[in-house]
Amino acid sequence: FLREFLLSHGVCSCAKKALLSLLRRGESVGLVVGGSSESLLARRGPGCDLVLHRRRGYAQVALATGCNLVPVVGFGENELYSTWNEWRVVQWIQRRIGRTLGFTIPIAMGRGLFLPWGLLPHSRSLRVVTGRPVPVERYDGPAEGPAYERLVAEVKGRYERSLLEVFESAGVAV
């Protein structure tokens, strides 16, 4: 049921093959670059941690399709759910699951429709700021070698600078 519900609402795999297929059909894709690693770092209160340094698949997909990268930052996301990320035993379990399965699921609690707890987010203020698109030229050459790696690093660098610019110019105290 959950799979069908998510698919009917436009959720799909973040695998490179799935993203390339959607983008080549002319559909837009929203990709959370940090993913589950970033969600495990979520803490209530000001500030946020981003996991970008070792992520590069989004730049490779952008180069393969020539799609622009649009930097988006959400302020207040860490307040939407209560997590137990501060507990050392929970951190240990999540790291262990991540090493074993290759992914991990954050332990989070929101509110329910009729109960004080559930999977819906808490009613909190959320501010989403979007930056200017980072143009990416389509690359049709071989997806390997030092020239390609430099190109991926250059696209990543431009996106990260743009994201930082959006974060700093938002004027939000985090």
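What you see below is based on every heavy atom in this structure, not just the backbone, and it leaves out hydrogens, waters and symmetry mates. Numbering starts at 1 and runs along the sequence shown.
Tyr139 is linked by a ring-ring contact (aromatic ring centres under 6.0 Å, His included) to Tyr148, counting only residues two or more places apart in sequence or in another chain. With sequence neighbours excluded, the residues forming a side-chain hydrogen bond (donor to acceptor under 3.5 Å, both in side chains) with Arg56 are Glu149, listed by chain and number. By the salt bridge (charged side-chain N to carboxylate O under 4.0 Å, His left out) test, Glu77 pairs with no residue at all, sequence neighbours left out.
For Arg25, the CZ atom is densely surrounded, since the number of other residues' heavy atoms within 6.0 Å is greater than 12. Atom CG of Leu120 has more than 12 neighbouring heavy atoms from other residues, nucleotides or ligands inside a 6.0 Å radius. Summarising the local packing, CZ of Arg124 is surrounded by more than 12 heavy atoms from other residues, nucleotides or ligands at distances under 6.0 Å.
Interatomic distance, CD of Gln60 versus CG of Leu151, reported as 10.5 Å (0.5 Å rounding).
Using a 4.5 Å cut-off on side-chain heavy atoms (C-beta onward), Leu31 and Cys14 make contact. Counting heavy atoms from C-beta on, the side chains of Val70 and Val134 never come closer than 4.5 Å. Within the 4.5 Å cutoff, no side-chain heavy atoms of Arg111 are placed close to those of Pro116. Here the side chains of Glu168 and Leu164 are in contact, with some heavy-atom distance below 4.5 Å. A heavy-atom distance below 4.5 Å is found between the side chains of Ser82 and His122. In this structure, the side chains of Leu126 and Val128 come closer than 4.5 Å at one or more pairs of heavy atoms. Side chains of Val155 and Leu63 form a contact here, defined as non-hydrogen atoms less than 4.5 Å apart.
In this structure, Leu22 and Cys12 approach most closely via the heavy-atom pair CD1-SG, 3.4 Å. The two atoms that bring Pro135 and Asn68 nearest to each other are CA-OD1, 3.3 Å, heavy atoms only. The two residues Cys67 and Leu23 have their closest heavy-atom pair at SG-CD2, 3.8 Å. Nearest heavy-atom pair across Val61 and Thr65 is O-OG1, 2.9 Å. For the pair Leu19 and Ser13, the tightest heavy-atom approach, listed with the atom from each and the gap, is CD2-O, 4.3 Å.
Taken together through direct or relayed side-chain contacts under 4.5 Å among Ile, Leu, Val, Met, Phe, Trp and Tyr, Ile93 and Tyr81 form parts of separate hydrophobic clusters. Grouping the Ile, Leu, Val, Met, Phe, Trp and Tyr side chains by contacts below 4.5 angstrom, directly or via other members, places Leu80 with Val72. Cluster membership for Trp117 and Leu113, using ILVMFWY side-chain heavy atoms within less than 4.5 angstrom, is not shared. Cluster annotation: Val90 is connected to Trp92 through the hydrophobic network of ILVMFWY side chains, with a link wherever side-chain heavy atoms come within less than 4.5 Å.
Ser21 places no side-chain N or O within 3.5 Å of a backbone atom of Lys17 that could act as its donor or acceptor partner. No donor-acceptor distance shorter than 3.5 angstrom exists from the side chain of Ser162 to the backbone of Arg158, with no hydrogens or angles considered. The main-chain N or O of Phe5 is found under 3.5 Å from a side-chain atom of Ser8 such that the two form a donor-acceptor pair.
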Chi angles and distances behind the salt bridge (charged side-chain N to carboxylate O under 4.0 Å, His left out) call for Glu160, Lys156: CA-CA 6 Å; Glu160 289 171 4; Lys156 262 187 65 158; 3.5 Å; yes
Steps toward side chain to side chain contact (heavy atoms under 4.5 Å, CB included) verdict (Leu69, Tyr58): CA-CA 9 Å; Leu69 295 172; Tyr58 68 95; 4.0 Å; yes
